[in-house]
Amino acid sequence: MTDSAQPLRRVVLVDGSGFIFRAFHALPPMSSPDGIPVNAVYGFCTMLMKLREDTRPDHMAVIFDTKGKTFRNDFYPAYKAHRPPPPEELIPQFGLIRDAVRAFNLPSIELEGFEADDLIATYARQAEAQGAHVIIVSSDKDLMQLVTDRVEMFDAMKNRTIRAAEVMEKFGVAPNKVIDVQALAGDAVDNVPGVPGIGVKTAAQLIDEYGDLDSLLERAGEIKQPKRREKLIENADLARISRDLVTLKTDVPVTHPVDDFDLLEPDPDVLLAFIATHGFKSLAAKVKAKYSGTVDANGLTEAGTGVNDVSVTKAQYELVQDEERLKHWIAQADYEGTLAVDTETTSLNAHQAKLVGISISIKPGEACYIPLGHGLGDDDVAPVATGAAQGGFDFDSEPKEAAPAKDIPKQIPLKRAIELLKPLLEDRGILKVGQNIKYDKIIFARYGIDVAPIDDTMVLSYVLDGTSHGHGMDELADLHLGYKTIKFADVAGSGKKQITFDQVPLDKALDYAAEDADITLRLHRILKPRIAQEHMASVYETLDRPLVPVLAKMEGIGVKIDADILRNLSSDFATRMAVLEKTIHEMAGEPFNLGSPKQLGEILFEKMSLTGGKKTKTGAWQTGADVLEGLAAQGHDLPARILDWRQLSKLKSTYTDALATHINPKTGRVHTSYGQTNVNTGRLSSNEPNLQNIPIRSEEGRKIRTAFIADKGCKLISADYSQIELRLLAHVAEIDALRTAFKNGEDIHASTASKVFGVPIEGMDPMVRRKAKAINFGIIYGISAFGLANQLGIPQKEAKAFIEAYFEIYPGIRDYMERAKDFAKTHGMVRTLFGRKIYINGINDKNGMRRSFGERAAINAPIQGGAADIIKRAMIAVPDALTDAGLKTRMLLQVHDELIFEAPDDEAERAVKVIRDVMENAAHLTVPLIADAGIGNSWADAH
DNA sequence: AAGATCACG
DNA sequence: GACGTACGTGATCTTC
């Protein structure tokens, strides 16, 4: 890469993963202002500060483990297999500690498949070979084998240097014999077997006597003690495997040589923003003293530090058309550690879009655009069966050489650009920022790149501001930067004349695309610090950020739909609609458009003079289902037939016809898109197509679910939370009677009915249970007597009495409601259990109706939002749990309280166990969480 | 582009 | 005392 600016003399390698665990256990619990635990992060920051002072390195890096399997598991699966999961309070700190490294402007290094120890070993030897002195900041005994004349360790917590003498003390041998001793003694914690019955003491003695492990095993027969001799002979292979396990790899294919780790000064503003906003006050003072940061009394960075300087100079936007320039940009991005990235494609649909270009920004105002698919002609994308799953891309069929050469601008071949960008975009130490980066992740995944780690300005904006405003880039740029972006329509036109991006001339494409990346980076610099300042780190770091890759994966996989079943249903519905239409026209005495509420209203209430008609606020007759049901109950046939027709019409147009058009020809599956920033309460939404409102309540509608099928050799699993919102209500409102009922596994509606109406559960009238169920739901929605009366078709007075009785049975509900309303009135928002802010519109409106609306929303939001948080936690944890269990089951869909999976036939049962376990433990409340699950060949079957 | 309707949790 | 109301979405169709 880049030449080292400084000679390599003194290298500090920090074992980040080791440190975080020790700091966590050594330091008392600390919370950042928003309540997430930060003791390990604090310890880490003070350590880094001190280390820079004390060790005065010229090169420095922090190295981390990656989660998941390493090469050691390939030859010894049990290696580190029984590690308990990290403590709950430590989990959010893993991400923050990486942020801390970046804030200190240090390289953060990790590599999948290798432990931090192997990377440290590789770098230590690299540096040593160049004659440098190396300090490994760790107290891990597994690293002691690396100690030499030039390599020492430093225990930052005990302030103790570890050299050959200290290693001798620990292992009884010189550092170069440590491996042999470990191979014999083994390690219970890491599941390194060693030789049974031999501990460190004996091992050291043996190695001392025989020289090394191989000689010892060879001459094991000479050992005098019979027990020891037998054990050694018997377990020679175990000792050799153990040696392989404990031997650190010194030739890891690292992406950055040690020369790249020049020590850089941190940007005081960035560092102070990080430190101050996590509440590290004393540390902030130290940093301020050392660097001249512009920090005001509140610990917030002042404006005018360049962040809001939005004079975008196009001169710094570069069109990258050759490999050399691309390599230059990659090296720069590598150096910065953070980049904004944006893809330009031929379609808003990420599952069929063709990549046209990539823009990257590494500093505000500095961005490039890399055109890759301009002027290459129309959609000659990969042919259908590429063999690549998930609509994968066939590079070899692209570009189509037949296109006239003169129209094709100079561009780096797509395949080559992908090859060059892949290490950068997958580098765990480099943060990739995107605006709606889920889209770009799906695109890149189709070209074989797994973009990580990520930040998303759209999600940041959502977590911070809820749905008080939109989160589109144009809107955010205007709002936060006062900057008007170039609109897509400005470069591609609009309406019928709109062209796809591959046809946009390069100069215009550059202006537009580079600006997108530039603005994204600028927005990130404004929004990211606010996360900590406004105490939203927990929500962002543990819920919404980790959810992004999960959703991208689910969308990429999609769900299989049987088009034949849909076609048959469509034609069945069409026939029956035609019959109904004829009948209705005859009954009406004239033909009219059944789909027109306006015409229907006139027929019903004017021509036929039916009574009970009401008008909407726009003066049209109401013809909703409730009105028609009322008329039908009076014995009128026409409205009843209309209801039948409407049901079929809805099913046909919205489902059986429409779903088929969403089947992706390349994958044969339907790929929805989840909206992560659309719903005020924190729920997801689903669109194009919406797979969260597939019919189930009616017999006819349910048939549509038979078309959602499992892939060949697979089953579908549906797992849903039982009564999650009521359980959450019982928890947050602290309703003992309700909590007890859930703990005892009672039928909650029957239990409520029994208490409210004073009847035994045994032999209960179903109508009574139905009433209780309606009240239970009503409570969640912010009940009113009117609403309940309407729902149950009973007088308002009666409904009011029910509600009063309910409040008597469950005292505390009323308190909860009042608390929620008061909180919303004071703060303009309410919070979920996990700290998500939900802004409540109209809560202080002087219009009574709008205010009541806000009040009901304030009651509902913590419950609906809390349930959404819980299932998000489950969604983040389930895929890893399945992988850890060695299963191939994939998560496909989420429907608010339900998750759908596709599992190979022979593992479905095992997958269900894992899924339920994760879902039920996604949160620990004062009521149990229960997830029910079913297995079937179709969604209808599995439910 | 808005409103009505209706599918889901 | 009368308003009007269950909470949260997205898709389709008609009408303007």
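Just so you know, these numbers use all the heavy atoms, side chains as well, and skip hydrogens, waters and symmetry mates. Residue numbers begin at 1 in each chain, while the letters A, B, ... track the order of the sequences. Bear in mind that the values here come from a model prediction, so they are computed numbers and not experimental data.
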Is there a side-chain contact between A:Phe834 and A:Arg873, using heavy atoms and a 4.5 Å cut-off?
yes
With sugar-phosphate meaning primed atoms plus P, OP1 and OP2, does A:Ala789 contact a base, only sugar-phosphate, or nothing at under 4.0 Å between heavy atoms?
nothing
Less than 4.0 Å between a side-chain N and a carboxylate O, is that true for A:Arg705 and A:Asp941?
no
Select base, sugar-phosphate, or nothing to describe what A:Phe853 touches, counting heavy atoms under 4.0 Å on all strands.
sugar-phosphate
What does A:Ile696 touch in the nucleic acid at a heavy-atom separation under 4.0 angstrom: a base, only the sugar-phosphate, or nothing?
sugar-phosphate
So does A:Arg683 get a side-chain nitrogen or oxygen closer than 4.0 Å to the phosphate oxygens (OP1/OP2) of C:dC7?
no
Basic-acidic side-chain contact under 4.0 Å: A:Arg669, A:Glu902:
yes
Please state whether the phosphate of C:dG10, meaning OP1 or OP2, lies under 4.0 angstrom from any side-chain nitrogen or oxygen of A:Asn678.
yes
Between A:Phe802 and A:Tyr806, does the ring-ring contact (aromatic ring centres under 6.0 Å, His included) criterion hold? Intermediate values first, please.
CA-CA 6 Å; A:Phe802 287 174; A:Tyr806 190 96; over 10 Å; no
A:Met849, nearest nucleotide to its side chain (from C:dA6, C:dG4, B:dG3):
C:dG4
Whole Å only: how far is the OH atom of A:Tyr674 from the P atom of C:dG10?
13 Å
Stem list, DNA chain C (Watson-Crick or G-U pairing under 3.5 Å, at least 3 consecutive pairs):
B:1-9 with C:7-15
If you look at every strand shown and take non-hydrogen atoms under 4.0 Å, does A:Ala620 touch a base, only sugar-phosphate, or nothing?
nothing
Ion pair A:Arg576/A:Asp572, N-O distance below 4.0 Å:
yes
Lys/Arg-Asp/Glu bridge criterion (N-O < 4.0 Å) met for A:Glu804, A:Arg814:
yes
Name the nucleic acid region contacted by A:Asp720, choosing base, sugar-phosphate or nothing; use a 4.0 angstrom heavy-atom cut-off, strictly under.
nothing
Nucleotide by nucleotide, nucleotides 11-16 of chain C touches protein heavy atoms under 4.0 Å in the pattern (B base, S sugar-phosphate only, - none) BSSSSS
Can you tell whether the side chains of A:Lys872 and A:Asp869 come within less than 4.0 Å, N to carboxylate O?
no
At 4.0 Å (heavy atoms only), tell me whether A:Ile780 reaches a base, stays on the sugar-phosphate, or touches nothing.
nothing
Do the side-chain N or O atoms of A:Arg697 get closer than 4.0 angstrom to the phosphate oxygens (OP1, OP2) of B:dA7?
no
Ion pair A:Arg819/A:Asp822, N-O distance below 4.0 Å
no
When all nucleic acid strands are considered with a 4.0 Å heavy-atom cut-off, which category describes A:Gly778: base, sugar-phosphate, or nothing?
base
